[in-house]
Amino acid sequence: TELNPNNANAWQAKVELQVAKGDKDAAYETIKGFLGTDSDNEVAISGAVEMLLQLDKQDEAIEVLNAKLEAMPDSTSL
C-alpha cells in the first residue's frame with residue numbers, strides 16, 4: 001500500500017489479512033488509510049464500509065458511505 005497507495009486491491013488484501021490475524025485495530029487503521037487516498041473505486045469503498053461494520057464501527061461506516069455518495073451521486077455500486 002505504501003508503494004502504490006491507489007491500489008485498492010492491495011488495501012483490501014492487507015485489511016483481510018489483519019482481520020484474519022485478529023488484529024482489528026490494525027485493520028481499522030488500514031481502512032482509514034485507504035479512505036484517506038480519495039479513491040473513487042466503488043467496490044473498494046463498499047468493501048471498506050463492510051469491514052467497518054464488521055469492526056463495530058457503524059457510525060463511521062455511515063459517515064463514509066454518506067460522504068462518498070455525496071461525492072459520487074451517480075454511483076450505482078454504493
Side-chain angles (χ1 to χ4, degrees):
T1 55
E2 289 81 19
L3 295 176
N4 186 356
N6 293 320
N7 184 338
N9 291 330
W11 286 99
Q12 183 176 359
K14 186 174 181 178
V15 169
E16 288 175 1
L17 286 171
Q18 290 166 327
V19 169
K21 289 174 33 181
D23 195 348
K24 291 183 176 184
D25 291 335
Y28 176 64
E29 291 302 318
T30 299
I31 291 168
K32 288 193 331 186
F34 165 71
L35 293 171
T37 66
D38 292 327
S39 174
D40 61 357
N41 183 317
E42 295 176 10
V43 174
I45 293 165
S46 295
V49 168
E50 184 176 322
M51 282 297 193
L52 286 170
L53 292 172
Q54 290 181 22
L55 296 171
D56 294 323
K57 305 284 185 183
Q58 290 85 359
D59 290 341
E60 191 164 349
I62 291 168
E63 287 177 22
V64 167
L65 194 53
N66 284 337
K68 294 298 182 178
L69 285 169
E70 187 175 310
M72 300 182 318
D74 295 329
S75 171
T76 59
S77 298
L78 293 177

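Numbers here are sequence positions counted from 1.
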Going by heavy atoms in the side chains, are [X] and [Y] under 4.5 Å from each other?
X: L52; Y: L35; result: yes
X: M51; Y: E16; result: yes
X: Q58; Y: L53; result: yes

Taking all atoms of both residues into account, what is the closest heavy-atom pair of F34 and W11, and its distance? N-CZ3, 3.4 Å
Please determine whether residues L69 and V49 belong to a single hydrophobic cluster, defined as Ile, Leu, Val, Met, Phe, Trp and Tyr linked transitively by side-chain heavy-atom distances below 4.5 Å. yes
Following the transitive rule for hydrophobic clusters with a side-chain heavy-atom cut-off under 4.5 Å over Ile, Leu, Val, Met, Phe, Trp and Tyr, establish whether M72 and V64 coincide in one cluster. yes
As a test of understanding, state which of D23, D25, T30 forms a side chain to side chain donor-acceptor pair (under 3.5 Å) with Q18. T30
Evaluate Y28 against E60 for side chain to side chain contact (heavy atoms under 4.5 Å, CB included), listing each step before the verdict. CA-CA 11 Å; Y28 176 64; E60 191 164 349; 2.4 Å; yes
Around atom CD of E50, are there more than 12 heavy atoms from other residues, nucleotides or ligands closer than 6.0 Å? no
Could you give the distance from NZ (K57) to CD (E63), rounded to the nearest 0.5 Å? 11.5 Å
Verdict with reasoning, I31 to L55, per side chain to side chain contact (heavy atoms under 4.5 Å, CB included): CA-CA 11 Å; I31 291 168; L55 296 171; 3.8 Å; yes
